[in-house]
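First the structure, in the form of structure tokens, and then the observations on it.
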Protein chains: 2
Amino acid sequence: MLKKNDKRYHHGDLKSALIEAGLAELEEKGLAGVSLRGIAARVGVSHTAPKNHFDSLRGLLTAIATQGFEIQTAEMRRGVEDQPPGPARLRAASNGYVRFALNNPELFKLMFSGSLKDGEDPDIKRAAWASYDVLRDIAHGLDWDKADNPGGPWRTEWMLWSMVHGYATLLVEGEIRRNEDGSLLFDMSDLMPDFGYLPEALKERPKPFQGEGMNDG
Amino acid sequence: MLKKNDKRYHHGDLKSALIEAGLAELEEKGLAGVSLRGIAARVGVSHTAPKNHFDSLRGLLTAIATQGFEIQTAEMRRGVEDQPPGPARLRAASNGYVRFALNNPELFKLMFSGSLKDGEDPDIKRAAWASYDVLRDIAHGLDWDKADNPGGPWRTEWMLWSMVHGYATLLVEGEIRRNEDGSLLFDMSDLMPDFGYLPEALKERPKPFQGEGMNDG
DNA sequence: ATAAAAAATTTACATTGGAAATATAACGGA
DNA sequence: TCCGTTATATTTCCAATGTAAATTTTTTAT
């Protein structure tokens, strides 16, 4: 039990404090402007103090991104329970995905940066999968993905994930036009129509794609 | 006319040489490892020489990304002419989009980085739109987007673009599983089924989304 | 109380992007 | 051809960054 002012070490819980400060610095200064020294200064410790809790800046960023996935998961789950199973839930979760990206653009970029974070870290892997599972579990409940898809669920999952993630990414990177007040022209409900039925081709057995012509030129 | 050894200035054409060197450095050392000094050293000039042609590293990266969009446009057009108008062309262009991303992953990341490049630069804007237009022009030729979409072409465009771009992004960032030899489990032809027909909801008139609940939390 | 471990600081260093001053080559006009 | 102007590139310098090593301070365990 930690009471008020019960700073057991010099700081008490520097590890959590650094992650919190990192989240704040991220949205204040942008992904490109974030620095280890800046985060440390925000907490009020020397710039080498983080070394005791994270092996490097990369490690700290990985922990921040992990927290990002947890927030994203919560945001996707928000509102899903209010909807009946089926396409409505898929739209609610998808809108949560986009909403999170819009509300935490720099964190979202970090989470999918690939080079700044350590994607092999067990914690971030677990958190990322938990977020992905929200979409996947709902998609698996849809009529068009019940049983007749013996090639595995990958195809329909990836189609949906690609659409949602692509839209969020393009919005966050400023590639897609918004209304003047910053609101969206379309949310995922508009972009992703009634998935109660889907083109028959999607139900065919998928064959592994061997990538002819994919690795030349 | 420039003959061999006709170095008119100290270098001759440093601007182009820097872009070329930057493209090479990018794929060799990755987006995170690229540096102005490294690019300059590769060409054999001092690290401040680029200043005469680009105001900053950001400017040089913007020029590199611009060239990237031009390569991407060519890659998308490759093979499109062989296909009859319609869904087949859409698949060919989409596969070109993904193929470019897989063959130039670091360049692709730079092109959509948002912070490293200057998205307002007129040249990069023109090049990016040219790439986007390949997808858009084909999409507009499809039956399901002929005339009854008075809300503008944005919705169908963005749905397709999101799917293609999202898939390319997730592949490049290593978020989507591949076969052991690096080939894809699905290409865009598998992911994007017969678009000869499409859910009726997509043909309804789109209404502007005002973003209720999008900016809270 | 004292030794051991944990946590944080100080100092130092290599690398980076950029600014300023200087040097060198190309060009244009007499 | 000569010379001044401009374009191009170098040298020197600086602040900021991430990291390593040595040191100091605090906590914990015995």
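Since this is a predicted model, take the numbers as computed values, not measurements.
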| field | Flag side-chain contact, heavy atom, 4.5 Å: B/Leu160 against B/Arg136 | value | no
| message | Parallel, tilted or perpendicular: which one describes the rings of B/Tyr132 and B/Trp161, with boundaries at 30° and 60°? | response | tilted
| remark: Distance col, row B/Asp82:CG vs B/Arg89:CZ, nearest 0.5 angstrom, shows 9.0 Å
| message | Can you see whether B/Asp121 engages B/Thr66 through a side-chain donor-acceptor pair at a distance of less than 3.5 angstrom? | response | no
| said: Once hydrogens and angles are ignored, does a donor-acceptor distance under 3.5 Å link the base of D/dA7 to the side chain of B/Asn52? | reply: no
Using nucleotides 14-18 of chain C, report all nitrogen or oxygen pairs with the protein that are shorter than 3.5 Å.
{"from": "C/dG17", "atom 1": "OP1", "to": "B/Leu36", "atom 2": "N", "distance (Å)": "2.8"}
{"from": "C/dG17", "atom 1": "OP2", "to": "B/Leu36", "atom 2": "N", "distance (Å)": "3.1"}
{"from": "C/dG17", "atom 1": "OP2", "to": "B/Arg37", "atom 2": "N", "distance (Å)": "3.1"}
{"from": "C/dG17", "atom 1": "N7", "to": "B/Arg37", "atom 2": "NH1", "distance (Å)": "2.4"}
{"from": "C/dG17", "atom 1": "O6", "to": "B/Arg37", "atom 2": "NH1", "distance (Å)": "3.0"}
{"from": "C/dG18", "atom 1": "OP2", "to": "B/Leu57", "atom 2": "N", "distance (Å)": "3.0"}
{"from": "C/dG18", "atom 1": "O6", "to": "B/His47", "atom 2": "NE2", "distance (Å)": "2.4"}

| note | Ordered by number, residues from residues 107-123 of chain A within less than 4.0 Å of DNA chain D (heavy atoms) are none
| field | NZ/NE/NH1/NH2 to OD/OE distance under 4.0 Å, A/Glu70 and A/Arg126 | value | no
| Integer-rounded Å distance: D/dG18 P and A/Phe54 CZ | 15 Å
| said: For A/His165 together with A/Phe108, are the ring centres under 6.0 Å from each other? | reply: yes
| query | Can we say A/Lys117 and B/Glu175 salt-bridge, meaning some charged N sits less than 4.0 Å from an Asp/Glu carboxylate O? | reply | yes
| query | Counting only side-chain N and O atoms of B/His53, is one of them less than 4.0 Å from OP1 or OP2 of D/dA9? | reply | yes
| request: For residues B/Phe69 and B/Phe112, establish whether the separation of their ring centroids is below 6.0 Å. | output: yes
| task | May I ask you to say whether B/Arg42 pairs ionically with B/Glu28, meaning some side-chain N is under 4.0 Å from a carboxylate O? | result | yes
| query | Going by number, which of residues 14-29 of chain B have a non-hydrogen atom under 4.0 Å from DNA chain C? | reply | none
| query | What distance do A/Asn179 atom CG and A/Leu185 atom CG have between them, rounded to the nearest 0.5 Å? | reply | 4.5 Å
